[in-house]
Structures are given as C-alpha cells and as structure tokens.
Amino acid sequence: MPDKTKWKGLQCPIPLSKYPKIVMAHGSGGRLTRDLIQHMFQPVLNNPFLAQKHDGALLDNPKTKIVMTTDSHVVRPLFFPGGDIGKLSVFGTVNDLAMCGATPRWLSLSLIMEEGLGMEILWNVIQSIGEAAEESNVNIVTGDTKVIDRKGEGELLINTTGVGTLDHDQSIGPREIRSGDKIILSGDIGRHGIAVLSSREGLSFETEILSDCNALHRIVLDLLDNDIPIHCMRDCTRGGMATALVELAEESGKHFEIREEVVPVDPTVYGACELFGLDPFYMPNEGRFVLFVPESGAEQALKLIRTNNKENPACIIGHVDETPEKSVTAVNAFGGRRRLDLLTGDQLPRIC
Amino acid sequence: MKYISEFREAGHVQKILDAIHRITNHDWRIMEICGGQTHAILKYGLQELLPEKITLLHGPGCPVCVTPLVMIEKAIRLASRPEVTFCSFGDMLRVPGKDRDLLSVKAEGRDIRMVYSPMDAVQIARDNPGREVVFFAIGFETTAPAVAMAVHQAKESRMTNFSMLVAHVLVPPAIKAILSSKQSKIDGFLAAGHVCTVMGVQEYNPIAKKYQIPIIVTGFEPLDLVQGVYLCIRQLEEGRAEVENQYLRSVRIEGNLPAREWMQKVFRVVDRQWRGIGTIPNSGLGLNDAYLIFDAEHKFHLSGEEVAEPEICISGQILQGLQKPDACPAFGKACTPESPLGATMVSSEGACAAYYKYRRSHAG
C-alpha cells in the first residue's frame, strides 16, 4: 500500500504569495514552467524514467505483447466525495489497461490548465496523482503542461496515456464472449455518478455517497494468476453498466439476459436516482467492471473478486444466451422484460 | 427504499395481475394519461403481463412532447440573445425546433443552464444582476405551483432581470378534448397521480359522468399501475363509470390547497396549443395581469411564427390514443431519438421514445 502520509503537511512548493494562481507564463516553456516541473511535479512523481529528463522516456523492452490506451479526463468539480480528477486520471487509464488483461506499467501525463487555476488546487491534484500512481504500481514516465486563456473558473483537463504488458497467453476481448458465459458485476453501481452530481449541485443525503473511483488491476491480475478463463471484461464508466453491456453485445454479436433485481445498488444511490429520475444502470462508475467467464469458472471468479472488495460484493447478474440478437434484455422480478439501449446523450433529470 | 420498494415487489404485483386475468371478460382500451406512467409500463414490461383483451393506450401527459414547436422556436430565439441567461429543465434542451435545439445554441456560446427548480433560476438572476435571466416554464399542474412561487418571489424582491416563457398546460381539458373526438376508442382512463396530488380529484367527476367513463387516479410504480388497471377493469366489467383513487398515499380529494392557492394567485387559464393536437380551449396557464412584467413574451415582444410538423409524423394521433407508436411507418427508421420527426420521439417520457427504448426488436 502507498504511504498516504508521505506528502502530508508538505506545503505547496510554489510560493503562493507570488503565484497563487496559474498564469499564462506557467505554460510558456520558460522559467515558470520549469519551476512547476522541478518543484512540484518531479518531487511527487519521481522515478528513474522521469529522471532521464529527456524529450521522451526510454522504456525497457518487455519482450511481450504490450497494450496501449489513452483517456482524457474532464470532471466538475475537480474534487468530489471519494476522489478527484488526479485519482481519476490515473485509475481511468490503469483500469482500461487492466480490462485488456494487461499489467499497467507506464503512464504519460498531460495537463491542460486554464489561466487562473489555483496553485494549491494543482498541488493537491499532483499529490493525488502521485498516490494513485503508487497504488497502481505505475510510473509516470513523461508529461506535458499547457496553459490556455481563461474562459471559465480555472479548469483543469488531464490526459493520460498508458502502456501495459501482457504477461499471459489468454485471449481477452468481446470476440471471445460465448453463449453460456456468466456475466459477473464486480460491485454495486452508480456511486461515482451520484457523488459527482451531489457535490456539483450542492445536495446532501443522509449517508454521504463516495465515488467508487479505484484501481482494478489487482483484482484482474488475481483472476489471471488463479487461471480463471476470462473471456472479456469492461469497466462500467461513462454510460454505466448498461452502456458497457450494450456495447459488448454489439461487438460480440451475442444476446445477454440480465436479472434486474440482483444488480446491487446502494439504497442511498437508489434514492438519489429516484429523486432525479435517473436510471442507476446508466450512472457512471469508476471502479466497477463486468466480467464474462464460462460457467465452470464463475463461482471461483466471484469468490476472488469478493476477497478483493469485501464491502461491495460482486454478483452474477446474468448470462449470454443463444437468442440470435445483438442486444441486452433486462428481466425484472415479475417477469417483465425491457431492452437496454444506448442513451442518445447524457441522462437528463426528468421534469415532474 | 420506503414507499418505493414495496410498490415494486413481485409477489404483490403478481397477485393483482392474477386478479385482473380473473375478472377480464371483454376487450377494453385504457389510456394512461401521464408520460411517466407510459415509461413505467414499458420499463417494467407490464403490457405483456396483462390479458390480451386489455390494450393500453398512451396519453398526452408528456410536457416536453406537447410543448408546441412555435414555443420552442421562441425559446431558441430568446436563448440566442447575448444578454440572456436561459434556464430550462434538462429534458427540454434536446427538443429540436425548426432547425436546431437549445443544446446547439449553448454550443454556439450562449448562456443556457439546466436547472432542477424554477427557484434556481431566480437565484441565478439574483446572483447576476447584469444578465436577463429567463426561465422556460413548461409542464402540467405538477410543476406549476413551484413556478408560481418562483415568480412571486421575484416580484417580492422587485427583480427586474427575471422573466418566464410560460407554456404550462392542464390535464382535464386534454382528456375532454380526446373524449370529444369522434374517433375516440377509449373505455377508461388512468389519471396522473401527481397532478391530482396538487389539484385533487373533484374536476374529474363531471368528466366521468358526462362521458360515462371510469377514471382511476393512479400512481407510477408497477404495483400502482396494475392496481389502477384492476380498478378500471372492475368498473368496466360491472358497468360503472366513476372516479376512483388508487394513489391514496399521496392524493387527497381536495388536493394540495396552498399549492392551488399559489397557482390561482399567479396564473390565469388561457387557450393553449398542444403539439400534434392543436389548440385546446382553456387548456393552459399564463401569468395574470399582476405578474405580466415577468412574462418573457411580453417583455421581449416575441411573436409566434407557425412551424409545420413533418407530414409523415403521426404523433398527434398517438397522443390521442388513436395509434400506437410502432404503427407509424417512420418509427425506428426515419424517426429515432437521435433524429426525431415528432414530439413523441423527442422526450424520454414520450410514447415513441419509450417504445424505441424498450420495445424495438433488433431488426426494427
């Protein structure tokens, strides 16, 4: 586990009295940019690759297949219950690598800051990135900083690109999904969406809902180490569980049947969704995934995932059947059936 | 979750479904008024669980669907003005006008905000005295009291930078209009529980009597809906035509009196155009003379320009229960939620959108 107290009590290394906010010159490539890199980024994110101080990072050739992915992160507010944009930008990319069955190794970090962004805010985000990288066992090996003209309230956008290594021979992906596969959901859904929504709108509920923002690679590597025959995985991020399933149904050419009443949703998340007229199946998550395994491996996979996340138990939510349709059907407790579909845009709260 | 999970409990729903199967001897056509009910019926797959003799028809109770194109064009024109901050409920932002929707206007750099309550819009006006803040007031009797409170608050605070584009509509006149049509084939109604929570049930008695039709005030959960259908079928099979209240946990006979008082204080009843149906006399609410300075149409001198609906679209017939969405030749082909031809495909509560979302077969 990372040492969470490592940077505790450390002051923001950029003298706040001089630059309490990001100015255009922080992106000029000159002295102020160098100050940010030397005094803020390097001490927190330090590793031998970054220490090369070159235009790019020289990586060791792993002699295995490698997986590469990229993700840009935009979230308002930058800090929300259970996470922040820094954590999100590391875990998001780490999780995409994990879903391919890869061991996450190296990340690039690209910051686009709006003029006026608070220096203290940036410092907190960088520390959070450092912690998340350590927790995920990845190195930030190269980076970039740009500042754009102020248009809003000092936005911060982060792009991370990740490279991971494939250290096994299993073929994992939508095309490997087979009829008869069990579909496992790794925990309860909707937490991230409600955490962000409630902090953006200034709403509070009886119990505070924390984002599920978390790294998934450990669970996945654990499954692989135990020879679980994984056919496919996908994290349920934007668009939620339903969108992940519908995409996989289309990509695999298969039909999935889901039992609605077994999909775990925290009562507070459920209540908040009811209040806004939102469907928890479509609420964003940042630490949940669906897993497709043959029936023979399902129980053991379930057990392993549950050991990794005891608080939010994983469960089998459905299966892949022989129906000749590329779609997902949700069956409710009284036998009613509905088709899950992609949303046209974002979910919008209802009027009455 | 209390008051929700009990009403989604499979055992209870099944018991009532069994009872419906037992008592149904004839063919009956029942219309649920509210788009929220339509949505729940399709989401829970309730139509398929009812006897084949019962057909559910989907009514005009979707505020987004019935807001006429001319009003949406006015909203787009207002929102396009550089001095205006335009506030709307989220669902309205995606509704296309003649050639674009409010989200596209936002993308062009105009200040358009999604709000959860009209009070939020008043607050935005208070915080931004240099901006003209306009709230798009749409909806049925459910949202009208909060809108009335908001405009009253603006008046009390002597705000001069707040106004409303009002397109409020009323349910009973629409029911009467549908029943007066010669083509009407409706045997019973499920009235909207939340509308009656505000307005009470009394105004439905003369309708049930005049048109000899049962009206069941019904809630929105699966158990509410099957119970509403059960009460309706029981009346029909017994030859009765009365107003009955299924949504007892929320609806009082007289409704919510303070809410009704606020509505009376701020609004007057006006003729209103319904998208796909046409103008229905006395079917809408507009601000009365005491609040006229908060009327955006008045303040910005907006005039209406008629905008024609695509000819192929049958949404008017769907809203009156004369056709089902999948009977439309454009359904799922030329008309989808991404490129809707008519009102009912636009809103998530619209009947066509609900059919598209839950019922479309892959081939369709």
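In this text, all values refer to a predicted model and were calculated from it rather than measured experimentally. Letters A, B, ... are given to chains in the order of the sequence lines, protein chains preceding strands, and every chain is numbered from 1.
To the nearest 0.5 Å, atoms OH (B/Y116) and CG (A/L275) are separated by 10.0 Å. Here the NZ-CG distance, from B/K43 to A/N332, works out to 9.5 Å after rounding to the nearest 0.5 Å. Separation of atoms CD (B/E338) and CG (A/L342) is listed at 8.5 Å; rounding is to 0.5 Å. A distance of 8.0 Å separates CZ of A/F334 from CG of B/L17, quoted to the nearest 0.5 Å. Between the CZ atom of B/F220 and the CD atom of A/E274 there is a distance of 12.0 Å, given to the nearest 0.5 Å. For the atom pair B/E48 CD and A/R338 CZ, the distance stands at 13.5 Å (nearest 0.5 Å).
When each of B/R8, B/Q14, B/H39 is scored by its heavy-atom pairs under 4.5 Å with chain A, the top score falls to B/R8. Between chain B and the residues A/G336, A/G335, A/A330, the most heavy-atom pairs under 4.5 angstrom are made by A/G336.
In the displayed structure, A/H319 atom NE2 is contacted under 6.0 Å by more than 12 heavy atoms of other residues, nucleotides or ligands. Around CZ of A/R200, the count of heavy atoms belonging to other residues, nucleotides or ligands within 6.0 Å exceeds 12. In the displayed structure, A/R238 atom CZ is contacted under 6.0 Å by at most 12 heavy atoms of other residues, nucleotides or ligands. By the 6.0 Å contact criterion, CZ on B/R249 is enclosed, its count of non-hydrogen atoms from other residues, nucleotides or ligands being greater than 12. For B/E108, the CD atom sits in a packed shell: over 12 heavy atoms of surrounding residues, nucleotides or ligands are nearer than 6.0 Å.
Applying the salt bridge (charged side-chain N to carboxylate O under 4.0 Å, His left out) criterion to B/R260, with sequence neighbours excluded, gives no partner residue. Residues passing the side chain to side chain donor-acceptor pair (under 3.5 Å) test with A/Y282: none are found, sequence neighbours excluded.
The shortest distance between side-chain heavy atoms of B/Y358 and A/D341 does not fall below 4.5 Å.
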